Amino acid sequence: MPSIISADLTVTGDLSSAGEIQIDGRVEGDIRCASLIIGISGSVTGEIRAERLRMHGSISGQVYAKSVFLASTARMTGDITHESLAIEPGAFMEGHCRRSPLPAEVVATDAPPQKRLEQITDAGLNSAAS
C-alpha cells in the first residue's frame with residue numbers, strides 16, 4: 001500500500017520510504033523511495049532517487065531512477081539518469097536524458113532522510129514536525 005500525499009497537501013522537506021509513495025499534492029524537497037507515482041495534480045520540486053518512477057504530473061529537478069515512465073500529461077524540467085525510459089506522445093520534457101546503469105547506492109532507499117520534515121501545510125493548517 002503506498003504512502004499518499006493528497007491533492008490538498010503541501011510538504012516542505014525530504015521524504016524517504018522503503019516502499020511506494022504516491023504524490024497527488026505538492027512536495028518541495030528531495031524524495032528517495034523504491035517506487036514513486038506522481039499523479040496528474042502532483043508536483044515535485046527537488047531531487048528524486050527511485051527504482052521506479054511513473055509520472056503524470058510535474059517535476060522540477062534531477063531524477064535518478066532505474067525505470068522512468070512519463071505519461072502524456074507529464075511536465076519534466078531537469079535531467080533524467082535512467083536505465084529504462086518511456087515517454088508518451090504529448091509529455092513535456094526539458095532537460096537531458098542519460099542512459100546509465102545506476103549503482104545500488106544511487107537508488108538505495110534504506111538511508112534516513114538528510115533533513116527533518118520542516119513544515120506541513122494541509123488546508124491552511126501549519127505545524128512543525130519534530
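Just so it is clear, the values below take in all heavy atoms, side chains as well, and ignore hydrogens, waters and symmetry mates. Sequential numbering from 1 along the given sequence is applied to the chain's residues. Small disclaimer: the values here were computed from a predicted structure and weren't measured.
With sequence neighbours left out, the side chain to side chain donor-acceptor pair (under 3.5 Å) criterion links Arg75 to no other residue. Applying the side-chain contact (heavy atoms from CB on, under 4.5 Å) rule to Glu47 yields the partners Asp30, Arg49, Gln62, Tyr64; only residues at least two apart in sequence or on another chain are considered. The salt bridge (charged side-chain N to carboxylate O under 4.0 Å, His left out) check on Glu28 picks up Arg26, with sequence neighbours excluded. Residues passing the side-chain contact (heavy atoms from CB on, under 4.5 Å) test with Gln22, sequence neighbours excluded: Pro2, Ile4, Asp24, Ile37.
At a threshold of 4.5 Å between non-hydrogen side-chain atoms, the residues Met55 and Met76 count as touching. A 4.5 Å side-chain heavy-atom check between Ile48 and Ile59 finds at least one atom pair inside the cut-off. Put simply, the side chain of Arg99 reaches to within 4.5 Å of the side chain of His82, judged on heavy atoms. Counting heavy atoms from C-beta outward, Ile31 and Asp14 have side chains that stay 4.5 Å or more apart. Looking at heavy atoms from C-beta onward, Leu85 lies in side-chain contact with Leu70 at the 4.5 angstrom threshold.
The side-chain contact (heavy atoms from CB on, under 4.5 Å) test with Ser67 singles out one residue from Arg52, Glu51, Glu83, and that residue is Arg52. Considering Ile38, Ile23, Val44 in turn, Ile23 is the only one that fulfils the side-chain contact (heavy atoms from CB on, under 4.5 Å) rule with Ile5.
Smallest separation of non-hydrogen atoms from Asp8 and Ser6: OD1-OG, 2.7 Å. Annotation for Ala71 and Ala91: closest pair O-CB, 3.2 Å, computed over non-hydrogen atoms.
How far OG of Ser60 is from CD of Glu94: 9.5 Å, rounded to the nearest 0.5 Å.
Contacts classified as side chain to side chain donor-acceptor pair (under 3.5 Å) and involving residues 36-46 (residues at least two apart or in different chains) are not found.
Taken together through direct or relayed side-chain contacts under 4.5 Å among Ile, Leu, Val, Met, Phe, Trp and Tyr, Phe69 and Leu53 form parts of separate hydrophobic clusters.
Checked by atom type and distance alone, the side chain of Glu88 pairs as donor or acceptor with a backbone atom of Ser72 at under 3.5 Å.
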